[in-house]
Amino acid sequence: MSWSRLEQGALLVSGFNRRDAVDEAKVTDMLDGYADDLRPRVEGKSPVTCARMLTDDLASRLGYAGSQSSFYDVANIQFSDVVSIRRGVPVTLTLLYALVARRAGLDVAGVAIPDHFLLRVKGARPVLIDPYHEGRQVTKADCLRYLRNAGYSLHTTSYLEDVHDRQILDCLLRNLLRVYGYQEDHELCSVLESARQALMRN
């Protein structure tokens, strides 16, 4: 899935169950601007340098960071809102980083460790960064420690593998399912579950 299709999917999800229309042009313009600033500075650079510049721009300069409010707040999940308010949950911030990075010419992929989301900047020496925690770089040892402390089995390396872009969108939908499930809105949950099944079949 190209970055444009991933973005289209994220914006489509952003329009779910809201009264106002998503200003897709505004979101696209903002991401284009971020990438235009970044592109000339990362060309030909190592993954470590590219990751640092990406983080310096999005976290340090622009202020994108993990939301300290409830994970049941839809604004932290709807991608179009996250771009504007500059706060979000792990998957929406990883999505933001990925879309800016790909526009700037970087090869990146999401990494869906349990209950969290990271971004891998690929290259000769790939780098993992944590957009939710202001883009800090994390190591395999950091990830294994997190998994061990959270009670997950360490007998598989699949937790640290790249995920397909469809799985990023699926995570967005599952986050919304959690919110509307908490609200006991069974009708909306049924619609979201149908959307998930259709997404993963394609």
Side-chain angles (χ1 to χ4, degrees), residues 3-39 51-104 106 108 110-113 115-119 121 128-138 163 165 167-183 185 188-189 191-192 195-196:
W3 65 259
S4 60
R5 291 186 62 194
L6 176 59
E7 184 175 317
Q8 289 168 6
L11 290 172
L12 183 63
V13 173
S14 291
F16 182 77
N17 193 42
R18 60 189 301 158
R19 296 177 181 177
D20 59 324
V22 174
D23 190 343
E24 297 185 7
K26 178 183 177 181
V27 173
T28 297
D29 286 347
M30 290 179 71
L31 299 181
D32 284 345
Y34 297 163
D36 288 345
D37 287 342
L38 180 66
R39 188 180 301 109
R52 186 179 67 249
M53 290 181 174
L54 177 65
T55 294
D56 285 347
D57 279 7
L58 294 179
S60 301
R61 182 169 64 85
L62 295 169
Y64 284 97
S67 173
Q68 298 304 309
S69 64
S70 171
F71 272 39
Y72 292 94
D73 184 346
V74 174
N76 295 324
I77 301 169
Q78 301 285 27
F79 181 65
S80 58
D81 291 338
V82 170
V83 173
S84 296
I85 66 177
R86 306 190 183 194
R87 292 292 182 273
V89 296
V91 65
T92 49
L93 290 169
T94 296
L95 176 58
L96 168 77
Y97 273 61
L99 291 174
V100 172
R102 289 182 184 176
R103 276 173 160 84
L106 302 181
V108 300
V111 176
I113 66 174
D115 303 320
H116 204 57
F117 233 96
L118 304 173
L119 184 78
V121 181
L128 277 175
I129 59 176
D130 184 351
Y132 185 77
H133 292 105
E134 299 179 347
R136 69 180 178 90
Q137 293 189 17
V138 296
V163 298
D165 285 351
Q167 291 170 270
I168 298 178
L169 296 177
D170 179 59
C171 188
L172 285 179
L173 291 170
R174 285 189 286 112
N175 272 263
L176 287 176
L177 268 169
R178 179 175 59 186
V179 171
Y180 293 117
Y182 178 76
Q183 296 175 4
D185 194 325
L188 289 181
C189 286
V191 172
L192 286 166
R196 282 192 63 234

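The shortest heavy-atom contact between Leu119 and Gly110 is CD1-N, 4.4 Å. Scanning both residues, Ala51 and Gln137, for their nearest heavy atoms gives CB-NE2, 4.2 Å. Across every non-hydrogen atom of Ile85 and Ala75, the tightest pair is CD1-O, 3.8 Å. Contact between Gly181 and Cys189 at its shortest, heavy atoms only, is N-SG, 3.4 Å. The two atoms that bring Ala101 and Leu54 nearest to each other are CB-CD2, 4.0 Å, heavy atoms only. Residues Gly9 and Leu169 come closest through the heavy atom pair C-CD2, 3.8 Å.
Between the CG atom of Leu176 and the CG atom of Leu192 there is a distance of 5.5 Å, given to the nearest 0.5 Å. Here the CG-CG distance, from Leu6 to Leu95, works out to 5.0 Å after rounding to the nearest 0.5 Å. One distance of note links CG of Leu93 with CG of Asp130; it measures 9.0 Å at 0.5 Å rounding. Rounded to the nearest 0.5 angstrom, Ile77 CD1 and Asn175 CG are separated by 4.5 Å. Distance CG/Leu11 to CD/Glu24: 5.0 Å, rounded to 0.5 Å. To the nearest 0.5 angstrom, His133 atom NE2 is 13.5 Å from Thr55 atom OG1.
A donor-acceptor pair is defined here as one N or O able to donate and one able to accept, closer than 3.5 Å; such a pair exists between the side chain of Thr92 and the backbone of Asn76. A donor-acceptor pair is defined here as one N or O able to donate and one able to accept, closer than 3.5 Å; such a pair exists between the side chain of Tyr132 and the backbone of Ser67. A donor-acceptor pair under 3.5 Å links the side-chain atoms of Ser14 to the main chain of Phe79, judged by distance alone.
Under the side chain to side chain contact (heavy atoms under 4.5 Å, CB included) criterion, Leu62 pairs with Tyr34, Leu58, Tyr64, Arg86, not counting sequence neighbours.
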Practice prompt. Decide side chain to side chain contact (heavy atoms under 4.5 Å, CB included) for Ile168 and Asp165; before the verdict, give the C-alpha distance in whole Å, the side-chain angles of both, and the deciding distance to 0.1 Å.
Written response: CA-CA 5 Å; Ile168 298 178; Asp165 285 351; 3.9 Å; yes
Item to complete: For the pair Leu188 and Gln183, evaluate side chain to side chain contact (heavy atoms under 4.5 Å, CB included) and give the outcome as yes or no after the intermediate values.
Response: CA-CA 10 Å; Leu188 289 181; Gln183 296 175 4; 5.9 Å; no
Practice prompt. Start with the C-alpha gap between Arg103 and Glu7, add the side-chain angles, then the distance that decides, and say whether salt bridge (charged side-chain N to carboxylate O under 4.0 Å, His left out) holds.
Written response: CA-CA 11 Å; Arg103 276 173 160 84; Glu7 184 175 317; 2.6 Å; yes
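In this structure, the side chains of Tyr97 and Val108 stay at 4.5 Å or more apart for every pair of heavy atoms. Residues Asp185 and Asn17 are not in side-chain contact: their nearest non-hydrogen atoms beyond the backbone lie 4.5 Å or more apart. Residues Arg174 and Val91 have side chains not in contact (no heavy-atom distance under 4.5 Å, counting atoms from C-beta outward). Inter-residue side-chain proximity for Phe117 and Val89 is flagged as unmet; no heavy-atom pair is nearer than 4.5 Å. Within the 4.5 Å cutoff, the side chain of Val100 has no heavy atoms near those of the Asp57 side chain.
Among pairs with a residue in residues 74-83, those fulfilling salt bridge (Lys or Arg N to Asp or Glu O under 4.0 Å) read Arg18-Asp81, at least two apart in sequence or across chains.
Using a cut-off of 4.0 Å between Lys/Arg side-chain N and Asp/Glu carboxylate O, Arg87 and Asp73 are scored as not salt-bridged.
Residue Gln167 qualifies as enclosed at atom CD: its count of foreign heavy atoms under 6.0 Å is above 12.
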